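Being a predicted model, the structure only gives us computed values, none of them experimental. Naming: A, B, ... by sequence-line order, numbering from 1 per chain.
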Protein chains: 2
Amino acid sequence: MNTLSYGLLSLLSKNSRTGYELMQHIQPFWPAKHSQIYPLLAQLEQKGCVEFVHVPQSDKPDKKVYSLTDTGLKALQEWIGMPTDAPATRDEFALKVYCIGLVSKAEAMKMLVEREDYYIKRKVHYTQSFEKLVKLSEKPLEELEMDEPLFGNYVLLRKALHKLDADLNWCEWMKSKLK
Amino acid sequence: MNTLSYGLLSLLSKNSRTGYELMQHIQPFWPAKHSQIYPLLAQLEQKGCVEFVHVPQSDKPDKKVYSLTDTGLKALQEWIGMPTDAPATRDEFALKVYCIGLVSKAEAMKMLVEREDYYIKRKVHYTQSFEKLVKLSEKPLEELEMDEPLFGNYVLLRKALHKLDADLNWCEWMKSKLK
DNA sequence: CCTTGTTATGTCATAATTGACATATGTCTA
DNA sequence: TAGACATATGTCAATTATGACATAACAAGG
């Protein structure tokens with residue numbers, strides 16, 4: 001079973017969801033299009049890792065709400081315990097920075113400003129997610145224990161925000177280098 | 001033309017290299033196997049972006065040394081100026097952290113220690129690369145200008161090392177959360 | 001002497017991923 | 001009222017990426 005399959009099971013371990021919702025929520029972890037997710041869900045259902053109920057809707061198209069089965073949960077727990085491969089970071093921007101000397105300073109500066117804008121937008125987005133999480137949680141986030149459902153969201157959001165700060169600092173530093 | 005193709009051109013803009021060397025050096029930017037690189041090089045040669053000379057060797061198998069052509073350089077410069085898509089980060093480890101509550105504290109701690117070991121190894125590796133760079137450079141790295149060949153290496157290595165420090169800090173913090 | 005590892009290039013089947021096409025309901029805006 | 005947008009599911013061709021197989025020369029170690 002591939003990583004995306006386990007990713008879908010990971011999301012389903014917290015909430016039952018439709019394929020459409022899974023597509024939306026898997027993006028930060030393992031971006032995928034619906035054309036990949038729907039067939040995988042069918043496969044997972046065949047294997048008995050997930051099950052679904054057909055939910056008719058009047059205002060919107062009908063949907064299939066998927067849930068994790070016991071089989072799926074066991075598969076998920078086994079996968080978590082397995083050694084994790086190093087992430088294969090594919091970074092187009094880094095490639096461009098690597099040979100940034102091939103373009104003018106003005107163009108290089110434009111690249112950095114655009115990147116910075118992108119980071120800032122992400123920071124705003126993640127900050128909002130963080131605030132939502134604070135409201136959603138019954139206790140202060142720092143007091144969340146590992147087995148509570150929001151723990152994963154909290155620690156990953158914190159990581160993402162720290163990374164964004166580092167990226168923004170790097171952008172500032174780079175811009176000062178180009179002056 | 002896909003990103004990996006531009007990645008190969010990026011490397012060739014600094015040095016002429018064999019397919020084998022390109023495979024080794026593209027890894028931090030855009031991991032790829034030789035089975036993907038060799039056919040792409042043939043395509044790039046067909047398009048006139050690269051050219052090669054056959055170099056016979058007595059101690060090792062013969063090799064093909066590829067260089068960037070003017071056509072290739074122009075394509076590369078155009079690509080740098082184009083807007084860059086947001087990186088599609090596929091992070092298996094983050095998925096596991098997301099539902100870490102499904103395993104025992106002992107297993108979770110094992111996961112983190114293994115991750116930390118991995119980060120430490122990378123840090124050692126990058127630190128060595130940094131020291132090599134210092135020796136290779138004629139001037140202090142901070143004084144490198146954008147158009148100098150080592151500039152890209154320097155700014156990216158700096159970025160990578162800062163990111164590793166952040167990752168290591170996060171691991172420490174997570175470990176303290178699990179106690 | 002044999003196995004393993006490094007250098008070096010290549011092909012091919014399979015798997016993973018994307019982009020396009022397809023359908024259907026409802027809302028909101030020009 | 002026509003077009004765009006969000007929800008919702010699905011298929012299929014094409015592209016991208018991996019893993020296995022193939023060949024070959026030399027070095028190093030057991």
Side-chain angles (χ1 to χ4, degrees), chain A residues 1-9 11-12 15-47 50-66 79 85-92 95, chain B residues 1-9 11 15-47 50-66 85-92 95:
Chain A
M1 224 158 50
N2 61 25
T3 309
L4 179 54
S5 299
Y6 287 109
L8 298 175
L9 298 185
L11 296 190
L12 291 176
N15 295 302
S16 293
R17 289 190 183 282
T18 67
Y20 191 82
E21 287 173 323
L22 286 169
M23 178 199 63
Q24 294 174 316
H25 290 89
I26 199 74
Q27 296 306 321
F29 298 105
W30 201 273
K33 318 282 174 185
H34 72 276
S35 51
Q36 197 180 7
I37 289 172
Y38 289 129
L40 271 188
L41 281 171
Q43 275 180 44
L44 287 169
E45 202 253 325
Q46 281 282 310
K47 283 176 190 155
V50 301
E51 55 192 13
F52 70 89
V53 281
H54 196 94
V55 178
Q57 296 186 118
S58 51
D59 54 332
K60 283 180 264 182
D62 297 353
K63 61 186 181 181
K64 288 176 170 185
V65 177
Y66 286 87
W79 168 73
D85 286 342
T89 323
R90 292 200 159 89
D91 193 340
E92 188 176 0
L95 271 170
Chain B
M1 223 157 49
N2 61 25
T3 309
L4 179 54
S5 298
Y6 287 110
L8 299 176
L9 298 185
L11 296 190
N15 295 302
S16 293
R17 289 189 183 282
T18 67
Y20 191 81
E21 287 172 323
L22 286 169
M23 177 200 63
Q24 293 174 317
H25 290 90
I26 199 76
Q27 297 306 320
F29 299 104
W30 202 274
K33 316 285 175 184
H34 72 275
S35 52
Q36 197 181 4
I37 289 173
Y38 289 129
L40 272 189
L41 281 172
Q43 275 180 43
L44 287 169
E45 201 253 325
Q46 281 280 310
K47 283 174 190 156
V50 301
E51 55 191 12
F52 70 89
V53 280
H54 196 93
V55 178
Q57 296 186 120
S58 53
D59 53 331
K60 284 180 260 180
D62 296 353
K63 60 186 182 183
K64 288 177 169 183
V65 178
Y66 286 86
D85 287 340
T89 322
R90 292 200 159 89
D91 194 340
E92 188 176 2
L95 271 170

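- Taking atom OH of Tyr38(B) as the reference point, atom C1' of dA22(D) lies 13 Å away to the nearest angstrom.
- Both Met1(B) and Pro61(A) lie close to DNA chain D; mapped to their nearest nucleotides by heavy-atom distance, the more 5′-ward contact belongs to Pro61(A).
- Residue Asp85(B) holds its CG atom at 6.0 Å from CD of Glu92(A), rounded to the nearest 0.5 Å.
- Atoms NZ and OG, from Lys64(A) and Ser16(A) in turn, are 15.0 Å apart once rounded to the nearest 0.5 Å.
- In this structure, the separation between CG on Asn2(B) and CD on Gln43(B) is 7.5 Å, given to the nearest 0.5 Å.
- One finds the OH atom of Tyr20(A) at 9.5 Å from the NZ atom of Lys60(A) (value rounded to the nearest 0.5 Å).
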Inset, instruction - Evaluate the side-chain contact (heavy atoms from CB on, under 4.5 Å) criterion for residues Glu45(B) and Phe52(B): first the C-alpha distance (whole Å), next the side-chain angles of each, then the deciding distance (0.1 Å), finally the verdict. - result: CA-CA 8 Å; Glu45(B) 201 253 325; Phe52(B) 70 89; 4.0 Å; yes

Determine all donor-acceptor pairs shorter than 3.5 Å in which one atom belongs to a side chain in residues 24-34 of chain B; sequence neighbours excluded.
{"unit_1": "His25(B)", "atom_1": "ND1", "unit_2": "Glu21(B)", "atom_2": "O", "d": "2.8"}
{"unit_1": "Gln27(B)", "atom_1": "NE2", "unit_2": "Met23(B)", "atom_2": "O", "d": "2.7"}
{"unit_1": "Gln27(B)", "atom_1": "NE2", "unit_2": "Ala32(B)", "atom_2": "O", "d": "2.8"}

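- For Leu40(B) and dT16(D), the CG to P distance is 8 Å, given to the nearest whole Å.
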Inset, instruction - Applying side-chain contact (heavy atoms from CB on, under 4.5 Å), run through Tyr6(B) and Met1(B) and close with a yes or a no. - result: CA-CA 7 Å; Tyr6(B) 287 110; Met1(B) 223 157 49; 3.5 Å; yes

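- When the nearest nucleotides of DNA chain C are assigned to Gly19(B) and Pro31(A) by heavy-atom distance, the more 5′-ward of the two goes with Gly19(B).
- Pairing each heavy atom of Leu22(B) with each of Leu41(B), the nearest pair is CD1-CD2, 3.8 Å.
- If you walk DNA chain C from 5' to 3' and mark each nucleotide with an atom closer than 4.0 Å to a heavy atom of chain A, the marks span dA16(C) to dG26(C).
- Of the two residues near DNA chain D, Trp30(B) and Met23(A), the one whose nearest nucleotide lies more 5' is Met23(A).
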N/O contacts under 3.5 Å, protein versus nucleotides 12-15 of chain D?
none

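- Taking atom CD on Gln43(B) and atom C1' on dT16(D), their separation rounds to 11 Å, with Å as the unit.
- Between Asp59(A) and Gln24(B), the residue anchored nearer the 5' end of DNA chain C, judged by the nucleotide with its closest heavy atom, is Gln24(B).
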